[in-house]
Number of protein chains: 2
Amino acid sequence: MSMTGRRETLSRARVVAAAIAQADANGLDSLNMRSLAQELDVVPMALYKHVANKGDLLDGMIELVVGEVERTPQTGDWKRDVRARILAARDRLQRHSWSRAVLESRAAMTPAMLDYLNALTGLFLDGGLSADLTHHVMHALGNRMWGFSQELFAATPRSDPSFETQKAALPTHFPHLAAIARAAAQADPESGVGPGCDDRLEFEFALDLLLDGVEILHAQQWSSRGWMRASAVAESWRIQKDTPGYGTRETAETLRAALTAAKRDRDM
Amino acid sequence: MSMTGRRETLSRARVVAAAIAQADANGLDSLNMRSLAQELDVVPMALYKHVANKGDLLDGMIELVVGEVERTPQTGDWKRDVRARILAARDRLQRHSWSRAVLESRAAMTPAMLDYLNALTGLFLDGGLSADLTHHVMHALGNRMWGFSQELFAATPRSDPSFETQKAALPTHFPHLAAIARAAAQADPESGVGPGCDDRLEFEFALDLLLDGVEILHAQQWSSRGWMRASAVAESWRIQKDTPGYGTRETAETLRAALTAAKRDRDM
DNA sequence: TGACATGGTGTACACGGTACACCTAGATTG
DNA sequence: CAATCTAGGTGTACCGTGTACACCATGTCA
């Protein structure tokens, strides 16, 4: 548009960028087509020349953010590499409070998403893990691969009046919760039960727990073959829940075997 | 209302139950105050005499479902007990496809929720785990404690035309993803990359991985004390990402120690 | 020069949550 | 027993939000 220089011509990129800015500033709820249009100094319907609909806009937003995740260098140590890459994703997505909700509600398979998934998968495979194990591990990571902790409690602290009452009743009615809350408070003085916990620490704890477990399975050349057969057995157990053995699964055995084998191997 | 027996008088319970039925039948999207009112043969605003607003209605729905989670018996084996309890939660929540979305978007701390959390926490504590470890483990479990897998891909398979193209381009552009997709297809003939995988199997794999890891940490009398100090160090490393040691964390060491110690202990 | 594509405009509608004033019948009480 | 209160159902109306659709302006190209 040459008529006047009074404003840049719109583009999908500009629309998406403005949407991100607005969601960052005022939260996802405040992001609507009208306010976004106003921000861009156009009429609402103008946006639809650049995005198909609001869903498409949201897809574009995560696409852009995910595309900016740092390509951390590979060192040859798969565990370290995976860890670094996931923390890089976290670093990026944490800056956009809305990203979690959008990713979980939509998660369209855009190129940048596939790219990230592919790269992460590649780190495991390059590390020598079997495709079989890697596949299950990717599932086990789930949303954690984006750097999200799995919030126990909604972000909203519930300001309704009954809440305080409940909180007061916690030690008597929910003693176990009170106990771990105390433990958390001890480690980190200014914390309640849910928020107040160091989100990053909890995240790394869980991530390392998973990756360390995976390392052991890998060392044991774990395969889903026997495991799935075992699960068929467990399935029948499940029907008769009081059968002895209910609730166990081969993984534990595998692990125990790993402990034993490890002693033989790298001994001392 | 005695005037005619033509309909039961409304109550919060009846409203919530009807809402659940409707969400079960036609999906969460189709649940709105008007259609729900029609189902109950009243005018929309009548509902507001029994629920404060739609959010409150949703809270009531999960409250009811969570309250129905089976109280699995304790056997004295904490790992088995946790596993059984979580699978019981899964069994219940899986019947309501909307529960995941509602739980993630709201997660108000209603009595039934607190009850479940408290009970689950108690299983760990009764098993002898420290409050410290239990606290972090509860975080690590996250939404998995409700029996949800952490979906990699949205449920919607995206019917847009570019999707097929992308799928075709998968082997060349995203070879690693193609590799694990093949592995999955091999194990389970009729599966693509995301859906088609046995959800329950993936869930149990991840759950066991976590619980087995926790068992080891527990055996090692893991404490967050040293670990948090280590993280402070890692924090400074993070600033200089190329520092050697970046991306490692003490948990791995703990585990390695566990392997070594295990050999000494239960030897052979 | 005239047709067309690209992109911004204006109007208007559907849908969903819910505020508010009202009404009605059973329960309560002087 | 009448006056009043209250719980619970009604009707109307409003607002916010996404978006269909017809239209119009401008730069491009045959």
Side-chain angles (χ1 to χ4, degrees), chain A residues 1-23 25-62 98 101-102 105-106 108 156 159-160, chain B residues 1-23 25-62 98 101-102 105-106 108 156 159-160:
Chain A
M1 163 178 308
S2 72
M3 47 177 284
T4 76
R6 83 181 177 86
R7 77 174 174 221
E8 300 291 323
T9 171
L10 238 43
S11 68
R12 180 179 172 94
R14 277 192 10 106
V15 170
V16 170
I20 289 176
Q22 187 162 326
N26 309 318
L28 191 58
D29 294 337
S30 82
L31 176 64
N32 59 64
M33 301 307 265
R34 290 182 219 271
S35 65
L36 180 57
Q38 190 161 22
E39 195 70 33
L40 288 164
D41 204 23
V42 290
V43 82
M45 288 311 292
L47 303 176
Y48 288 85
K49 286 278 155 58
H50 304 278
V51 296
N53 48 47
K54 190 171 181 181
D56 183 35
L57 174 63
L58 293 172
D59 289 346
M61 291 167 71
I62 54 148
W98 43 269
V102 174
S105 69
R106 305 196 46 82
T156 61
S159 59
D160 94 67
Chain B
M1 165 177 306
S2 73
M3 46 176 285
T4 77
R6 84 182 176 86
R7 77 174 175 222
E8 302 290 323
T9 172
L10 238 45
S11 69
R12 180 180 172 93
R14 274 190 15 100
V15 170
V16 170
I20 289 175
Q22 186 161 328
N26 310 317
L28 190 58
D29 294 338
S30 83
L31 176 64
N32 60 63
M33 302 307 266
R34 290 182 221 268
S35 65
L36 179 57
Q38 190 162 20
E39 194 70 34
L40 289 164
D41 203 23
V42 290
V43 82
M45 288 311 291
L47 303 176
Y48 289 85
K49 286 278 155 57
H50 304 278
V51 297
N53 49 48
K54 189 170 183 182
D56 183 35
L57 174 62
L58 293 172
D59 289 346
M61 291 166 71
I62 53 147
W98 44 269
V102 174
S105 70
R106 303 195 48 82
T156 62
S159 58
D160 92 67

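Just so we're on the same page: letters track the sequence lines, and every chain starts at 1.
Shown here for B:A18 and B:L40, the closest heavy-atom pair between the two residues is CB-CD2, 3.8 Å. Minimum heavy-atom separation, A:R12 to A:G60: NH2-CA, 3.7 Å. Summarising the geometry of B:R14 relative to B:T9, their closest heavy-atom pair is NE-O, 3.4 Å, with the distance given to 0.1 Å. Nearest heavy-atom pair across B:A23 and B:M61 is CB-CE, 3.8 Å.
Looking at residues two or more places apart in sequence or on another chain, you find a side-chain hydrogen bond (donor to acceptor under 3.5 Å, both in side chains) between A:N32 and A:S35. Listed by chain and residue number, B:L28 satisfy the side chain to side chain contact (heavy atoms under 4.5 Å, CB included) test with B:A101 (two or more places apart in sequence, or in another chain).
Atoms CE (A:M45) and C1' (D:dC24) sit 15 Å apart, rounded to a whole Å. At whole-Å resolution of the value, CG in A:L57 and P in D:dT17 are 15 Å apart. Rounding to whole angstrom units, CG of residue A:L40 and P of C:dG8 are separated by 10 Å.
Residues of residues 29-39 of chain A having a heavy atom closer than 4.0 Å to DNA chain D, listed by number: A:N32, A:M33, A:R34. The stretch residues 49-56 of chain B comes close to DNA chain C through B:N53, B:K54, each having a heavy atom under 4.0 Å from the strand.
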Please list, one pair per line, the donor and acceptor atoms closer than 3.5 Å that link side chains of residues 47-54 of chain A to other protein atoms, with sequence neighbours excluded.
| residue | atom | partner | partner atom | Å |
| --- | --- | --- | --- | --- |
| A:N53 | OD1 | A:G55 | N | 3.1 |
| A:N53 | OD1 | A:D56 | N | 2.9 |
| A:K54 | NZ | A:L31 | O | 2.8 |

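Side-chain N/O atoms of B:T9 include one lying less than 4.0 angstrom from OP1 or OP2 on D:dG9.
A donor-acceptor pair under 3.5 Å links the side-chain atoms of B:Q22 to the main chain of B:S30, judged by distance alone.
Of all nucleotides listed (D:dG9, C:dT18, D:dG18), C:dT18 comes nearest to the side chain of B:Y48.
Toward the 5′ end of DNA chain D lies the nearest nucleotide of B:L47, the other residue of the pair A:P44 and B:L47 mapping further downstream.
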